[in-house]
Amino acid sequence: MYRIILIGVIFAATGLAGAQDLRVPASVTAGEDATISTTGSGRATFYLLGPGVSSKSDVSLGEEIHLQARELRNAGDYVAIVCSSTCQGAGFYVTAAKPASLTFLVHPSRVPVSQGDAVSGVALPFDQFHNLVLTPVTVTFQMTAGNASVFSRQVRTQDGAAWFRTSSGKSAGVVQVVASLEDLTARRAVQQVASDPCNLRIKGQRTAAGILVETEPVHDCAGNVVSDGTIVSFTATEGSSRSTVDAPIKKGVARAQIEGKGEASISVASGVVMGNELRIGAKP
Amino acid sequence: MTLKRRFFLCSRSALILALFLAPALYSYSADSAVKVQLNLKKAGPREVESLTEQGILRDYRLAWTSMAQALEFNTPDPLEGPFAGEAKQQLLQTVAQQQHSGLSQRYVNQNHRVEGVFYAPEGDVMELHDTAEYQLQVSDGGRIIHDENIVLHYVVLMTPGADRWVIRHLQAVQQF
């Protein structure tokens with residue numbers, strides 16, 4: 001509206017208005033035809049500028065100018081200009097059509113179980129021409145593990161965005177995170193993994209090569225098997241010497257071969273979690 | 001050395017200096033012409049860190065400078081970097097159509113009042129509302145056919161790239 005008034009003032013002030021006039025629609029929905037009416041007579045050049053559009057064509061004044069749907073696919077501000085002996089311009093807006101897709105961002109893709117506010121997601125509705133739909137709509141967020149619902153919430157979009165944040169579930173495994181809007185659905189998967197080890201315990205025995213130590217199956221406090229690849233550190237203290245071996249968990253158990261012939265004290269840790277201490281006698 | 005030869009050498013040096021300085025002066029004037037006031041106090045749920053705010057301010061201003069250059073000189077090169085996704089596609093399309101139609105657009109005296117309205121929990125998208133005021137000049141083959149001062153409202157989606165924030169979506173709206 002500001003633009004239309006301003007253009008009118010500029011042209012009226014310079015005495016250029018009157019040769020021809022054009023009337024643009026107040027607002028057009030993306031992907032729909034529109035019509036611009038003109039006054040005057042004779043041939044003129046018509047220009048249309050907008051997001052992704054810059055066209056020029058010959059028109060007859062006094063007739064309607066038809067804007068095709070393909071010219072008005074992008075939401076935003078358009079300027080229509082008609083030039084014969086002078087130029088006359090007017091602006092109008094194209095607004096987004098109804099939602100046709102959901103952009104859904106979910107973080108993280110892998111998360112430890114039982115972590116507060118660890119999973120979050122943002123959904124943005126777009127129309128079929130990739131315009132952001134700013135009219136408020138209700139998006140339903142759901143998190144399911146197997147057939148069990150872990151979380152469900154309905155959120156109204158504000159300025160074209162809806163979001164949620166929630167805690168991770170209690171069991172390791174794949175969790176489906178879904179955002180839906182009427183018949184539109186966007187689905188993402190989050191891998192829930194065991195949290196830090198709990199009750200880390202080791203056992204060991206002397207062998208010909210030294211001492212073989214291994215953990216009992218490593219679980220977190222909720223009983224989930226800690227992921228393979230998690231590093232467990234074994235530290236052997238023999239007299240005044242001290243050595244550390246890092247070993248990854250494989251199939252739930254971490255193993256290490258420690259060299260040494262004397263009596264040794266072996267401790268275990270994974271991250272900030274300490275386990276039991278083991279004493280192995282000297283080699284006979 | 002004769003006076004004539006001295007004059008010739010001086011003129012040549014001045015010309016070379018001018019040729020070297022011209023692009024630098026141009027980019028400075030283009031950049032300084034874009035004024036951006038940024039307020040991210042209302043952006044949430046994630047709090048905006050000071051370095052992020054500086055990055056947004058720098059990259060948003062650069063994006064508008066680049067867009068103005070691309071649409072004035074009908075070249076897609078300035079769009080490489082500051083824009084991505086749908087915003088970049090639309091601008092490339094506009095430049096291509098302008099090359100075909102012989103039109104060009106000048107964005108003069110840009111003033112942007114930008115407010116952050118949404119910053120995703122993980123910081124992977126930020127939504128801005130920009131009340132932009134500038135003089136738009138449309139030319140056909142060098143002849144100005146439209147010249148107006150306008151105030152437009154833009155909804156902007158920016159996402160972090162490898163080394164900068166990029167505009168992924170730029171959509172003018174009637175009102176916020």
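In what follows, chains are A, B, ... by sequence order, proteins preceding strands, each numbered from 1.
For B/Asn109, the CG atom is loosely surrounded, since the number of other residues' heavy atoms within 6.0 Å does not exceed 12. Shown here is B/Arg46, whose CZ atom has more than 12 heavy atoms of other residues, nucleotides or ligands within 6.0 Å. The 12-atom threshold is not exceeded at CD of B/Glu47, counting heavy atoms of other residues, nucleotides or ligands nearer than 6.0 Å. Heavy-atom contacts from other residues, nucleotides or ligands closer than 6.0 Å to CD of B/Gln135 number more than 12. Counting heavy atoms of neighbouring residues, nucleotides and ligands inside a 6.0 Å radius, atom CZ of A/Arg156 exceeds 12 of them. Other residues, nucleotides and ligands place no more than 12 heavy atoms under 6.0 Å from the CD atom of B/Glu49.
Using a 4.5 Å cut-off between heavy atoms, A/Val122 touches chain B through its side chain atoms alone. Proximity to chain A (any heavy atom under 4.5 Å) is restricted, for B/Val155, to the side chain, taken from C-beta onward. Using a 4.5 Å cut-off between heavy atoms, B/Val138 contacts chain A through its side chain alone, with no backbone atom that close. There is no contact between B/Leu170 and chain A, counting heavy-atom distances below 4.5 Å.
Residues A/Leu49 and B/Leu136 have side chains not in contact (no heavy-atom distance under 4.5 Å, counting atoms from C-beta outward).
Classified by interplanar angle (parallel below 30°, tilted 30° to 60°, perpendicular above 60°), the ring pair A/Phe126/B/His169 is perpendicular.
Contact record, B/Gln90 with A/Pro51: OE1-CB, 3.2 Å, taken as the closest heavy-atom pair. Across all non-hydrogen atoms, the minimal contact from B/His146 to A/Val79 is NE2-CG1, 3.8 Å. The minimum heavy-atom distance between B/Pro121 and A/Phe164, with the atom names listed, is CG-O, 4.5 Å. The minimum heavy-atom distance between B/Leu152 and A/Tyr93, with the atom names listed, is CD2-OH, 3.1 Å. Between B/Pro45 and A/Arg165, the shortest heavy-atom contact is CB-NH2, 4.2 Å. Residues A/Gly52 and B/Gln97 approach most closely at O-NE2, 3.3 Å, considering heavy atoms.
Contact tally against chain B (heavy-atom pairs below 4.5 Å) for A/Val94, A/Ile81, A/Leu105, A/Leu132: the top residue is A/Leu132. Ranking B/Glu122, B/Gln171, B/Gln93 against chain A, the residue ahead of the rest is B/Gln171, based on heavy-atom pairs under 4.5 Å. Your options are A/Asp117, A/Thr95, A/Leu134, A/Thr45, and the one with the most heavy-atom pairs under 4.5 Å with chain B is A/Leu134.
Results of the side-chain contact (heavy atoms from CB on, under 4.5 Å) test with A/Ser54 over B/His100, B/Gln105, B/Gln98, B/Gln99 single out B/Gln98 as the only residue that passes.
The structure places CD1 of B/Ile145 at 8.0 Å from NZ of A/Lys56, a figure rounded to the nearest 0.5 Å.
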Checklist entry - After noting the C-alpha distance and the side-chain angles of A/Tyr47 and B/Asp140, does the key distance pass the side-chain contact (heavy atoms from CB on, under 4.5 Å) rule? => result CA-CA 9 Å; A/Tyr47 302 91; B/Asp140 180 4; 2.4 Å; yes
